[in-house]
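Before any comments, here is the structure.
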Amino acid sequence: MIRHKTKKGILTVHIEGHMLIRNAVEMKSELMSCLAQKNEVELNLSLVNEIDIAGLQLLILAKKEASLHQFNVRLVEHSNAVIEIFDLCNLSAFFGDPLMLSSSKAIPQASSA
């Protein structure tokens with residue numbers, strides 16, 4: 001599911017739930033509608049609980065669309081699932097956004113015993 005709001009010229013898009021092949025077509029349509037506004041965009045990924053290659057392709061598409069039309073898309077508050085797929089595919093540098101977890105989604109630290 002995608003929710004969005006504009007505040008101070010920045011369109012914040014909250015992506016929630018699964019970014020999987022089974023909902024990629026619907027999600028692509030919603031995401032492209034948001035990007036068509038060509039505002040500065042933040043994609044908040046804190047509530048993405050599962051993502052596959054189709055979901056990753058949507059994030060790549062968002063970055064490429066923004067570059068093509070000369071506006072900025074930032075990925076913010078990455079969930080653990082998003083960080084895991086970025087690491088698996090070695091794509092953190094491609095996106096160029098700092099990988100920041102929301103405080104409620106922080107990865108637990110191993111105890112040193």
For Leu58 and Leu31 the tightest heavy-atom approach is O-CD2, 3.7 Å

Of all heavy-atom pairs linking Val48 and Ser79, the shortest is O-OG, 2.6 Å

> Under 3.5 Å, is there a donor-acceptor pair between the side chain of Asn44 and the main chain of Thr12?
Replying inline: no

How about [X] and [Y]: do any of their side-chain heavy atoms sit closer than 4.5 Å?
{"X": "Leu35", "Y": "His69", "value": "no"}
{"X": "Ile53", "Y": "Gln57", "value": "yes"}
{"X": "Met19", "Y": "Leu59", "value": "yes"}
{"X": "Val41", "Y": "His4", "value": "no"}
{"X": "Phe95", "Y": "Leu56", "value": "yes"}

From the list Leu45, Leu47, Leu75, side chain to side chain contact (heavy atoms under 4.5 Å, CB included) with Ile15 holds only for Leu45

Q.
Let's go through Leu20 and Glu50 carefully: what are the C-alpha distance in whole Å and the side-chain angles of both, what is the deciding distance for side-chain contact (heavy atoms from CB on, under 4.5 Å) to 0.1 Å, and is it a yes or a no?
A. CA-CA 7 Å; Leu20 303 173; Glu50 193 173 2; 3.8 Å; yes

In Asn49, Asp52, Asn23, the residue satisfying side-chain hydrogen bond (donor to acceptor under 3.5 Å, both in side chains) with His18 is Asn49

Shared hydrophobic cluster, [X] / [Y] (ILVMFWY, side-chain heavy atoms < 4.5 Å):
{"X": "Ile51", "Y": "Met32", "result": "yes"}
{"X": "Met1", "Y": "Ile21", "result": "no"}
{"X": "Ile10", "Y": "Phe71", "result": "no"}

Separation between CD (Glu42) and NZ (Lys7), nearest 0.5 Å, reads 11.0 Å

Between the OG atom in Ser46 and the CG atom in Asn80, the distance rounded to the nearest 0.5 Å is 11.0 Å

The side-chain hydrogen bond (donor to acceptor under 3.5 Å, both in side chains) partners of Glu40 (sequence neighbours excluded) come to Arg74

Residues passing the side-chain hydrogen bond (donor to acceptor under 3.5 Å, both in side chains) test with Glu26, sequence neighbours excluded, are none

Inset, instruction - List the steps and the verdict of side-chain contact (heavy atoms from CB on, under 4.5 Å) for Leu68 and Lys64. - result: CA-CA 6 Å; Leu68 179 67; Lys64 289 189 174 191; over 6 Å; no

Less than 3.5 Å apart, which donor and acceptor atoms pair up between the side chains of residues 82-91 and the rest of the protein, not counting sequence neighbours?
none

Check: Just wondering, more than 12 heavy atoms not from Lys28 lying within 6.0 Å of its NZ?
Finding: no

